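Both counts, for ligands and for their atoms, begin at 1 and track the order of listing. Remember, it's a predicted structure, so these values are computed and weren't measured experimentally.
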Amino acid sequence: MTRRAIYPGSFDPMTQGHLDIIERSAKLFDEVIVAVLVNLDKQPMFTVEERVEMIRQVARWPNVRVGTFAGLLVDYAIEQQAQVIVRGIRAISDYEYELQMALMNRRLQPGVETVFLMAAEAYSYLSSRLIKEVFKLGGSINGLVPEWVEQRMQEKVKG
Ligand code: PNS
């Protein structure tokens, strides 16, 4: 049986922490689908298409592909025939929300298992939100996001 995992998120933008989790997942599973949430409520920095393109450019492992989903994550998992949802855990503060989501997803779809992975310590404080804030205020984000992503961010502010 093909072990297929989904790594869902907003990825606005993808950080080195996300990339690290993708790399770890690619080693553990036969196939990994990085799934970008189409969320019409939020005011993102990048469009879904831009985020998909950024991930494609950077997450270049042969068993990794990028998709998008709207609606329930577990429905997407079933549609994609994925048995596993991967989530990255940074500090213990992430745990509460992640536990809620994992248990809700299990209730909705008992056949889909959530697996938590820890990114390298060097990235354990990174979040897309913080990176955007530092970047917008003129701070250096070098090394915190892939080079390609940083360039796209520079282009965004230049208009
Ligand atoms: O990167 P994020 O924003 O932390 O990712 C959150 C995400 C996309 C995993 C979560 O919001 C999600 O799964 N949304 C889809 C809607 C859904 O299934 N909600 C019920 C989850 S219990």
Side-chain angles (χ1 to χ4, degrees), residues 3-26 28-29 31-59 61 64-136 141 143-146 148-150 152-153 156:
R3 285 271 162 215
R4 191 174 291 125
I6 291 191
Y7 178 43
S10 306
F11 304 105
D12 185 42
M14 182 171 70
T15 69
Q16 289 291 5
H18 292 133
L19 194 62
D20 185 274
I21 296 288
I22 296 170
E23 182 173 16
R24 286 170 202 279
S25 305
L28 285 174
F29 302 102
E31 287 178 29
V32 177
I33 305 170
V34 182
V36 180
L37 173 70
V38 180
N39 185 349
L40 300 173
D41 302 338
K42 281 198 186 169
Q43 281 274 310
M45 181 172 199
F46 291 100
T47 65
V48 169
E49 293 73 27
E50 287 171 331
R51 282 178 265 160
V52 166
E53 175 62 14
M54 275 191 281
I55 301 167
R56 280 207 181 114
Q57 289 295 336
V58 178
W61 289 276
V64 174
R65 62 188 160 95
V66 189
T68 62
F69 77 105
L72 284 177
L73 174 60
V74 287
D75 290 346
Y76 182 68
I78 295 296
E79 181 197 304
Q80 296 295 317
Q81 297 179 300
Q83 308 90 347
V84 174
I85 293 168
V86 170
R87 290 287 288 171
I89 291 248
R90 292 164 300 191
I92 198 76
S93 49
D94 282 339
Y95 179 74
E96 212 165 327
Y97 171 60
E98 293 298 333
L99 177 71
Q100 282 182 333
M101 280 208 300
L103 293 178
M104 181 61 84
N105 284 332
R106 177 183 282 168
R107 184 174 188 277
L108 293 168
Q109 199 52 255
V112 178
E113 206 63 65
T114 298
V115 167
F116 294 125
L117 296 180
M118 279 75 67
E121 309 95 275
Y123 307 131
S124 66
Y125 64 98
L126 291 188
S127 72
S128 300
R129 188 187 58 77
L130 213 58
I131 282 169
K132 279 185 285 193
E133 186 173 316
V134 169
F135 179 76
K136 280 179 185 162
I141 54 157
L144 305 182
V145 295
W148 182 279
V149 172
E150 192 178 342
R152 300 290 87 71
M153 290 175 81
K156 270 280 163 195

Gln100 to ligand 1, any heavy atom closer than 4.0 Å: no
Is any side-chain heavy atom of Arg3 closer than 4.5 Å to one of Gln83? yes
Under 4.0 Å from a heavy atom of Leu72: give me the atoms of ligand 1 that qualify, with their elements. 17 (C), 18 (O)
Can you list the atoms of ligand 1 that are under 4.0 Å from a heavy atom of Phe69? 15 (C)
With a 4.0 Å cut-off on heavy atoms, is Gly71 touching ligand 1? yes
If we only count N/O pairs under 3.5 Å, is Asn105 in contact with ligand 1? no
How about Asn105 and Val112: do any of their side-chain heavy atoms sit closer than 4.5 Å? no
Non-hydrogen side-chain atoms of Lys132 and Asp12 separated by less than 4.5 Å: yes
Relative to the heavy atoms of Met104, which atoms of ligand 1 are at a distance of less than 4.0 Å? 22 (S)
Less than 4.0 Å from atom 8 (C) of ligand 1, is there any heavy atom belonging to the protein? yes
Residue pair Ser25 / Val86: nearest heavy atoms and the distance that separates them: OG-CG1, 3.6 Å
Is Phe11 touching ligand 1 with its side chain, its backbone, both, or neither, if touching means heavy atoms under 4.0 Å apart? neither
